[in-house]
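This report concerns only the one structure given below.
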Amino acid sequence: MPFIPHTEEDIQAMLASIGANSIDELFDEIPPALKTGSLKRVPPGLSEMEISRLMLERAEQDGRYLNFIGAGAYEHHIPAAVWQIATRGEFYSSYTPYQAEASQGTLQLLYEYQTMMASLTGMDVSNASMYDGASALAEAALMAVRSHRTSRRILIPQTVHPVYRSVVRAIVKNQGIEVVEIPYDKLSGQTSLDGLKNFGSEEFAALVIPQPNFFGVLEDVDTLTHWAQSRDAFAIAVVNPMALAMLTPPGEWGEKGADIAVGEGQPLGIPLSSGGPYFGFMACKQPLVRQMPGRIIGRTTDQEGSDGFVLTLQAREQHIRRSKATSNICTNQGLMVTAATIYLALLGPEGLRRTAAQSHANTAALLEKLERLKGVKRMFNGPLFHEAVISLPRPAASVLQALEARRILGGLNLREYYPELGDAVLVCATETKTSADMENYVTQLGDVIRNS
């Protein structure tokens with residue numbers, strides 16, 4: 001945002017207008033013992049010119065890396081128009097649209113976003129965003145337990161993003177909800193159907209189904225969805241929205257379709273900005289709509305017959321639900337959703353499909369080149385979208401560190417999350433990678449392996 005300074009005269013005029021003698025007087029209700037006083041570790045302020053130079057120097061220190069890491073946050077091309085429009089003052093500074101008469105533009109955009117996400121996921125209803133993909137999955141688990149009523153257990157495959165699983169456990173553990181993990185097949189990298197059979201006689205509120213899973217592998221979603229629903233459990237889809245441009249949407253999985261679909265919206269026009277902010281999306285079938293957290297925007301007509309947009313559903317704590325309220329997520333995620341809506345509108349269905357197809361093709365080409373290196377192997381034989389797990393003949397940590405010294409982020413070391421895989425690395429190539437980029441990566445990786 002532009003910086004708007006207040007002169008000393010401006011400050012005194014404002015204080016006089018409200019009848020205060022100083023800014024400190026505005027906070028006189030705070031006990032002195034709670035006030036920090038001077039901030040001794042904060043350095044003196046800099047001028048605009050000095051801070052601009054400092055930020056430029058820091059950015060140059062970061063450098064420019066060739067990135068082959070995915071693992072839930074993906075580098076896609078973002079048309080310049082996306083953030084040029086999203087950072088217009090009307091969007092950039094807007095708040096939660098509680099006053100429909102003053103928020104028609106924001107409400108219309110959110111309505112369009114919901115329409116696009118419902119179409120992309122094949123579901124009946126979409127809300128107006130969540131914090132991120134991990135918390136969206138946790139909210140879906142809570143939603144399934146509320147709707148199921150008799151079971152407080154959730155089945156989650158080990159092929160679900162490990163951070164997502166950690167967040168789910170953290171959010172539900174104090175609510176009497178048990179999270180049960182399903183092992184993965186060591187050959188295909190998919191959820192083990194044999195392992196699933198061990199739970200056939202037990203009652204669960206939901207089964208989580210990733211597509212693609214954390215290893216980049218495509219799951220047998222029809223079988224998993226049918227297994228869950230045949231046992232009166234909800235099917236919760238965790239999907240990459242970019243992949244849905246090519247794959248069957250969750251609303252069409254199995255015989256009835258998944259019940260809830262969630263995921264991370266970052267691939268849709270949100271840059272890799274030091275870990276965020278991102279946004280989660282959630283969509284569901286119509287019977288579950290009143291258990292959905294967040295907000296739903298509706299389209300109606302006014303007394304004169306003109307179209308209008310309103311907050312149709314917002315069952316939050318200060319309205320009608322009190323202790324039974326669902327989570328309320330707004331503002332920051334609304335800005336990310338604004339960018340995603342513009343991104344989806346600019347690319348359209350065909351542009352999104354081409355982006356997904358090129359990402360898939362690039363990953364396939366990269367794997368073919370990598371497997372020519374001595375000792376480098378693809379670990380799982382299941383079908384993939386745009387990332388895959390490879391094994392290295394040298395310690396993954398040292399290999400990745402050596403590549404980073406050469407300005408290449410070579411992938412994610414999986415030892416922390418899956419130690420049983422040994423020196424395994426998750427690699428990703430989106431549409432942003434050229435043939436020269438991939439050749440450079442493979443050449444440098446081969447050199448590191450030979451000389452380490």
Side-chain angles (χ1 to χ4, degrees), residues 110-130 133 136-137 139-144 146-148 154-157 159-160 164 190-191 204-213 218-265 267-268 279-299 312-313 337 340-341 344-345 347-350 352-353 356-357 383 385:
L110 294 175
Y111 178 83
E112 300 293 351
Y113 161 80
Q114 292 171 176
T115 303
M116 292 177 184
M117 294 309 298
S119 175
L120 193 61
T121 59
M123 307 298 280
D124 297 331
V125 184
S126 166
N127 73 1
S129 87
M130 310 292 289
L137 176 56
E139 291 289 351
L142 295 174
M143 184 174 166
R146 289 194 300 269
S147 302
H148 193 275
I154 302 292
L155 269 175
I156 299 185
T159 58
V160 171
Y164 284 34
Q190 297 170 318
T191 300
F204 291 91
L207 168 66
V208 176
I209 307 170
Q211 185 72 330
N213 67 29
L218 303 185
E219 296 275 4
D220 185 353
V221 294
D222 291 332
T223 298
L224 293 172
T225 302
H226 176 73
W227 186 94
Q229 294 175 340
S230 65
R231 289 161 177 79
D232 295 323
F234 293 106
I236 301 175
V238 183
V239 291
N240 180 335
M242 186 62 71
L244 294 183
M246 296 180 65
L247 304 177
T248 302
E252 299 176 14
W253 292 357
E255 298 175 6
K256 303 177 183 178
D259 300 286
I260 307 170
V262 298
E264 174 56 60
L268 305 177
F279 77 92
F281 61 86
M282 174 182 280
C284 70
K285 292 297 179 67
Q286 186 67 40
L288 297 176
V289 67
R290 287 195 172 274
Q291 292 296 338
M292 180 178 280
R295 304 176 306 281
I296 296 176
I297 313 305
R299 183 175 182 175
T312 301
L313 182 67
V337 162
T341 306
L344 288 168
L347 266 67
E350 180 58 25
L352 202 66
R353 189 200 66 78
F385 172 49

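- Among all heavy-atom pairs drawn from Gly133 and Glu264, the shortest one is N-OE1, 2.9 Å.
- Side-chain atoms of Val208 and Leu155, non-hydrogen and from C-beta on, never get closer than 4.5 Å to each other.
- Gln291 places no side-chain N or O within 3.5 Å of a backbone atom of Ala144 that could act as its donor or acceptor partner.
- Using a 4.5 Å heavy-atom cutoff, the side chains of Thr159 and Gln190 are not in contact.
- Nearest approach of Gly254 to Asp222, heavy atoms of both residues: N-OD1, 2.8 Å.
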What donor-acceptor contacts under 3.5 angstrom involve side-chain atoms of residues 227-238, with partners at least two apart or in another chain?
{"residue": "Gln229", "atom": "NE2", "partner": "Gly257", "partner atom": "O", "Å": "2.7"}
{"residue": "Gln229", "atom": "NE2", "partner": "Asp259", "partner atom": "OD2", "Å": "3.2"}
{"residue": "Ser230", "atom": "OG", "partner": "His226", "partner atom": "O", "Å": "3.0"}
{"residue": "Ser230", "atom": "OG", "partner": "Trp227", "partner atom": "O", "Å": "3.0"}
{"residue": "Arg231", "atom": "NE", "partner": "Gly200", "partner atom": "O", "Å": "3.4"}
{"residue": "Arg231", "atom": "NH1", "partner": "Trp227", "partner atom": "O", "Å": "3.1"}

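- Within the 4.5 Å cutoff, the side chain of Phe281 has no heavy atoms near those of the Leu120 side chain.
- The closest side-chain heavy-atom distance from Leu207 to Ile156 is not below 4.5 Å.
- Residues Arg353 and Glu350 are in side-chain contact: their nearest non-hydrogen atoms beyond the backbone lie under 4.5 Å apart.
- The ring-ring contact (aromatic ring centres under 6.0 Å, His included) check on Tyr111 picks up Phe309, with sequence neighbours excluded.
- Atom OG1 of Thr191 and atom CD of Glu219 lie 3.5 Å apart (nearest 0.5 Å).
- A 4.5 Å side-chain heavy-atom check between Met292 and Ile296 finds at least one atom pair inside the cut-off.
- In this structure Tyr164 satisfies the ring-ring contact (aromatic ring centres under 6.0 Å, His included) test together with His161, sequence neighbours excluded.
- Take Leu218 and apply the side-chain contact (heavy atoms from CB on, under 4.5 Å) test, not counting sequence neighbours, and it matches Gln211, Pro212, Leu247, Pro383, Phe385.
- Contact annotation: the side chain of Asn127 never approaches that of Arg295 to less than 4.5 Å [non-hydrogen atoms, C-beta and beyond].
- Under the side-chain contact (heavy atoms from CB on, under 4.5 Å) criterion, Ser119 pairs with no residue, sequence neighbours left out.
- Of the possible polar contacts, one joining the Thr312 side chain to the Gly298 backbone as a donor-acceptor pair under 3.5 Å is found.
- For the pair Val160 and Asn213, the minimum side-chain heavy-atom distance is 4.5 Å or more.
- Residues meeting the side-chain hydrogen bond (donor to acceptor under 3.5 Å, both in side chains) test with Gln286, sequence neighbours left out: none.
- Glu112 and Thr341 form no side-chain donor-acceptor contact under 3.5 Å, judged by distance and modelled atom types alone.
- In this structure, OG on Ser129 lies 11.0 Å from CE on Met282, to the nearest 0.5 angstrom.
- To the nearest 0.5 Å, atom SG of residue Cys284 and atom CE of residue Met143 are 4.0 Å apart.
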